[in-house]
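Values below: all heavy atoms of this structure, side chains included; hydrogens, waters and symmetry mates excluded. Given the structure is predicted, the values throughout are model-derived calculations rather than measurements.
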Amino acid sequence: NLFSPNAQNQLWTLQGVTFVPDQDYSASSGVPTFSATGYVTNTDGSERQLGTQTFTITVEGIADVPQWDDSTVLYYNIDEDSDGAALDLAAELQDNDGSETLSYILTLQSGSGTLVLNGETLTSTNGQYVVASSDINDVVVKPDANFSGDLTLTVTAQSKETGNFVSGEQTADSVTR
């Protein structure tokens with residue numbers, strides 16, 4: 001039986017029915033609505049229909065860890081006092097239903113330089129630069145004047161659920177490169 005009664009035999013509860021969403025499905029893909037209609041079989045064998053109830057199931061999203069593309073360039077060589085090196089980074093979202101956005105978190109670990117996007121020097125927050133995926137390959141790493149040596153940056157790709165999400169699961173970070 002899918003329904004079990006309460007002690008007074010007046011309230012029946014639907015049991016044993018499970019909704020299993022497709023992988024990466026979340027409410028941003030739409031909230032499914034279901035209707036259930038109950039029927040009672042009378043002692044004489046006849047059947048009568050009870051009211052139809054509609055219910056929804058909201059699937060909260062969990063950000064998936066972005067994966068680095070093999071085309072990502074990790075090492076650059078430039079001359080002192082040059083115009084800098086344009087980044088060539090590529091990570092991919094694993095959830096492709098449109099519920100997540102991708103950004104990059106850059107940290108200057110050592111050396112002396114600035115990050116420039118479309119001619120504007122970027123400003124860090126707590127030592128980190130957050131750059132949208134659409135802008136990442138327009139970022140130029142520009143060493144300070146007369147600097148020679150290694151400039152070391154770390155970068156993490158971060159996915160972010162934009163809609164309904166599980167608390168504490170809105171973002172997911174890739175392996176840092």
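For Thr41 (side chain) and Glu47 (main-chain N/O), no donor-acceptor pair under 3.5 Å exists by modelled atom type. Side-chain atoms of Gln170 do not come within 3.5 Å of backbone N or O of Gly168 as any donor-acceptor pair. Here the side chain of Trp68 pairs no donor or acceptor atom with the backbone of Ser174 at under 3.5 angstrom. No donor-acceptor pair under 3.5 Å is formed between the side chain of Ser124 and the backbone N or O of Asn126. Between the side chain of Ser159 and the main chain of Asp64, a donor-acceptor pair closer than 3.5 Å is present. Of the possible donor and acceptor atoms, one in the side chain of Thr72 sits under 3.5 Å from a partner among the backbone N and O of Ala90. Checked by atom type and distance alone, the side chain of Asp81 never pairs as donor or acceptor with a backbone atom of Ala145 at under 3.5 Å.
A perpendicular orientation is assigned to the rings of Phe34 and Phe19, their planes being inclined by more than 60° (bins at 30° and 60°).
The minimum heavy-atom distance linking Asp95 with Glu161 is given by the pair OD2-OE2, 3.7 Å. Between Ser148 and Glu80, the closest heavy-atom pair is CB-OE1, 3.8 Å. Closest of all the heavy-atom pairs between Ala36 and Phe55 is CB-CE2, 4.1 Å. Considering every non-hydrogen atom in both Gly113 and Asp144, the closest pair reads CA-OD1, 3.4 Å. Summarising the geometry of Ala91 relative to Tyr104, their closest heavy-atom pair is N-OH, 2.9 Å, with the distance given to 0.1 Å. Here the closest heavy-atom approach between residue Thr37 and residue Leu50 is recorded as CG2-O, 3.8 Å.
Atom CG of Leu153 sits about 11.0 Å away from atom CG of Leu74, to the nearest 0.5 Å. For the atom pair CG (Leu122) and OG1 (Thr114), the distance works out to 8.5 Å, reported to the nearest 0.5 Å. For the atom pair CD of Gln67 and CG of Leu93, the computed distance is 10.5 Å after rounding to the nearest 0.5 Å. Rounding to the nearest 0.5 Å places CG of Leu115 at 13.5 Å from CD of Glu120.
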Stepwise side-chain hydrogen bond (donor to acceptor under 3.5 Å, both in side chains) check, Asp44 with Ser46 | CA-CA 6 Å; Asp44 65 2; Ser46 63; 2.6 Å; yes
Apply side chain to side chain contact (heavy atoms under 4.5 Å, CB included) to the pair Leu106 and Leu89, showing each step before the final yes or no.
-> CA-CA 11 Å; Leu106 302 156; Leu89 304 174; 4.3 Å; yes
Lys142 vs Thr121, side chain to side chain contact (heavy atoms under 4.5 Å, CB included): CA-CA, chis, key distance, verdict = CA-CA 10 Å; Lys142 184 159 179 39; Thr121 300; over 6 Å; no
Might you work through the side chain to side chain contact (heavy atoms under 4.5 Å, CB included) test for Tyr76 and Asp88, ending with a clear yes or no?
-> CA-CA 10 Å; Tyr76 304 84; Asp88 188 6; 3.9 Å; yes
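When only modelled atom types and interatomic distance are considered, Asp97 and Ser99 share a side-chain donor-acceptor pair under 3.5 Å. One side chain, Thr176 or Thr156, offers a donor N or O that lies under 3.5 Å from an acceptor on the other.
No path of Ile, Leu, Val, Met, Phe, Trp and Tyr side chains, each step under 4.5 Å between heavy atoms, connects Val131 with Val116, placing them in separate hydrophobic clusters. Linking Ile, Leu, Val, Met, Phe, Trp and Tyr whenever their side-chain heavy atoms come within less than 4.5 Å leaves Val140 and Val155 in two separate clusters. Both Val73 and Leu102 belong to a common hydrophobic cluster when Ile, Leu, Val, Met, Phe, Trp and Tyr are linked at side-chain heavy-atom distances under 4.5 angstrom. Follow the hydrophobic side-chain contacts under 4.5 Å out from Val65 and you never reach Val130; the two are in separate clusters.
Heavy-atom neighbours of Lys160 NZ from other residues, nucleotides or ligands within 6.0 Å: at or below the threshold of 12. Sparse packing is recorded around CG of Asp83, with 12 or fewer heavy atoms of other residues, nucleotides or ligands lying under 6.0 Å away. For CD of Gln53, the number of neighbouring non-hydrogen atoms (other residues, nucleotides, ligands) closer than 6.0 Å is 12 at most.
Screening Leu108, Ile105, Thr107 against Thr154 for a side-chain contact (heavy atoms from CB on, under 4.5 Å) leaves a single residue, Thr107.
Residues satisfying the ring-ring contact (aromatic ring centres under 6.0 Å, His included) test with Tyr39, not counting sequence neighbours, are none. By the side-chain hydrogen bond (donor to acceptor under 3.5 Å, both in side chains) test, Asn6 pairs with Gln8, sequence neighbours left out.
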